[in-house]
Amino acid sequence: GNNVPSSHLVPELGSSQINQIQENEIEKEKEPCGEGGFGRVYKGKYMKERQVAIKELKIVKDDIEDKEEKVREFIQEIQWLHYAKHPNLMELIGIILSPPSIVLPFCEYGSLFDYAEGKREKDKPNLSWILRLRILIDISNGMNYLHSLDPPIIHCDLKSPNILLMSMKYDDEIVCK
């Protein structure tokens with residue numbers, strides 16, 4: 001494959017407090033359930049019970065500048081996920097060093113974009129006004145937290161494909177992240 005060896009990753013990740021998930025601790029489905037900016041996303045199980053999303057870094061080895069930029073963005077996302085802890089932000093469960101992957105909670109309802117567009121067969125877009133308002137409140141709470149950090153974190157890519165739905169009930173504790 002085109003996987004980058006773990007020795008090419010930033011060494012700080014190997015010795016940090018970030019949970020390193022071993023190959024035998026994760027079961028990954030064969031087919032991806034989505035695609036992101038730096039690779040594919042797979043559904044899986046962590047420790048045989050917790051449903052997770054596995055964001056796997058894919059790099060074309062021919063383009064060294066692109067490779068360096070993607071690895072830098074990948075490392076930065078891991079650092080932000082590890083540093084910023086809030087109910088309306090994704091929780092970093094851990095990382096897998098080979099192939100380089102980020103393990104996050106699986107969001108059964110997918111992205112706000114996919115849901116609103118009805119891209120999933122079982123979903124029929126039904127965003128009541130009260131649910132829309134609750135989604136906006138959750139997004140605002142997450143952004144407010146990021147901006148209140150010292151130094152502040154600016155998301156720079158806030159859009160409906162990056163809003164992940166955790167529930168479709170407006171009165172649940174968390175509706176989106």
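Starting from 1, each residue takes its place in the sequence as its number.
When hydrophobic clusters are built by joining Ile, Leu, Val, Met, Phe, Trp and Tyr residues whose side-chain heavy atoms come closer than 4.5 Å, directly or via intermediates, Ile130 is grouped together with Tyr109. Leu146 and Tyr83 fall within a single hydrophobic cluster, where Ile, Leu, Val, Met, Phe, Trp and Tyr are joined by side-chain heavy atoms under 4.5 Å apart, directly or via other members. Leu112 and Leu136 sit in two unconnected hydrophobic clusters of ILVMFWY residues. Membership requires side-chain heavy atoms under 4.5 Å apart, directly or through other members.
Inter-residue side-chain proximity for Cys107 and Met90 is flagged as met; some heavy-atom pair is nearer than 4.5 Å.
The structure places CE of Met47 at 12.0 Å from CD1 of Ile93, a figure rounded to the nearest 0.5 Å. Here the straight-line distance linking atom CG of Leu164 with atom CG of Asp114 works out to 9.5 Å at 0.5 Å rounding. A distance of 12.0 Å separates CD in Glu77 from CD1 in Ile95, rounded to the nearest 0.5 Å. We find the CD1-CD1 distance between Ile54 and Ile96 to be 5.5 Å, quoted to the nearest 0.5 Å. A distance of 8.0 Å separates OG in Ser101 from NZ in Lys58, rounded to the nearest 0.5 Å. Taken to the nearest 0.5 Å, the CG atom of Asp138 stands 9.5 Å off from the CD1 atom of Ile163.
Leu133 forms part of a hydrophobic cluster together with Ile137, judged by ILVMFWY side-chain heavy-atom separations under 4.5 Å.
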Show which side-chain atoms of residues 165-177 pair as donor or acceptor with protein atoms under 3.5 Å away, not counting sequence neighbours.
from	atom 1	to	atom 2	distance (Å)
Ser167	OG	Lys169	N	3.0
Ser167	OG	Asp172	OD2	2.5
Lys177	NZ	Pro87	O	3.0
Lys177	NZ	Leu89	O	3.4

**Study point:** Pair Ile153-Tyr145, side chain to side chain contact (heavy atoms under 4.5 Å, CB included): steps then yes or no
**Key:** CA-CA 9 Å; Ile153 294 176; Tyr145 170 77; over 6 Å; no
Exercise for review: Would you please test Leu158 and Ile139 for side chain to side chain contact (heavy atoms under 4.5 Å, CB included) and show each step?
Suggested key: CA-CA 9 Å; Leu158 182 60; Ile139 293 167; 4.1 Å; yes
**Study point:** Audit row: Glu68, Val71, side chain to side chain contact (heavy atoms under 4.5 Å, CB included) steps and yes/no
**Key:** CA-CA 5 Å; Glu68 288 175 358; Val71 170; 6.0 Å; no
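Residues Arg50 and Glu91 approach most closely at NH2-OE1, 2.9 Å, considering heavy atoms. Of all heavy-atom pairs between Ala53 and Val41, the closest is CB-CG1, 4.1 Å. Nearest heavy atoms, Ser160 versus Ser111: O-CB, 3.8 Å.
For Arg72 and Glu69, the salt-bridge test passes: some basic side-chain N is under 4.0 Å from an acidic carboxylate O.
A side chain to side chain donor-acceptor pair (under 3.5 Å) check over residues 35-49, counting only residues at least two apart or in different chains, returns the pairs Asn19-Tyr46.
Although no hydrogens or angles enter the test, the distance criterion places a donor-acceptor pair under 3.5 Å between the side chain of Asn162 and the main chain of Asp157.
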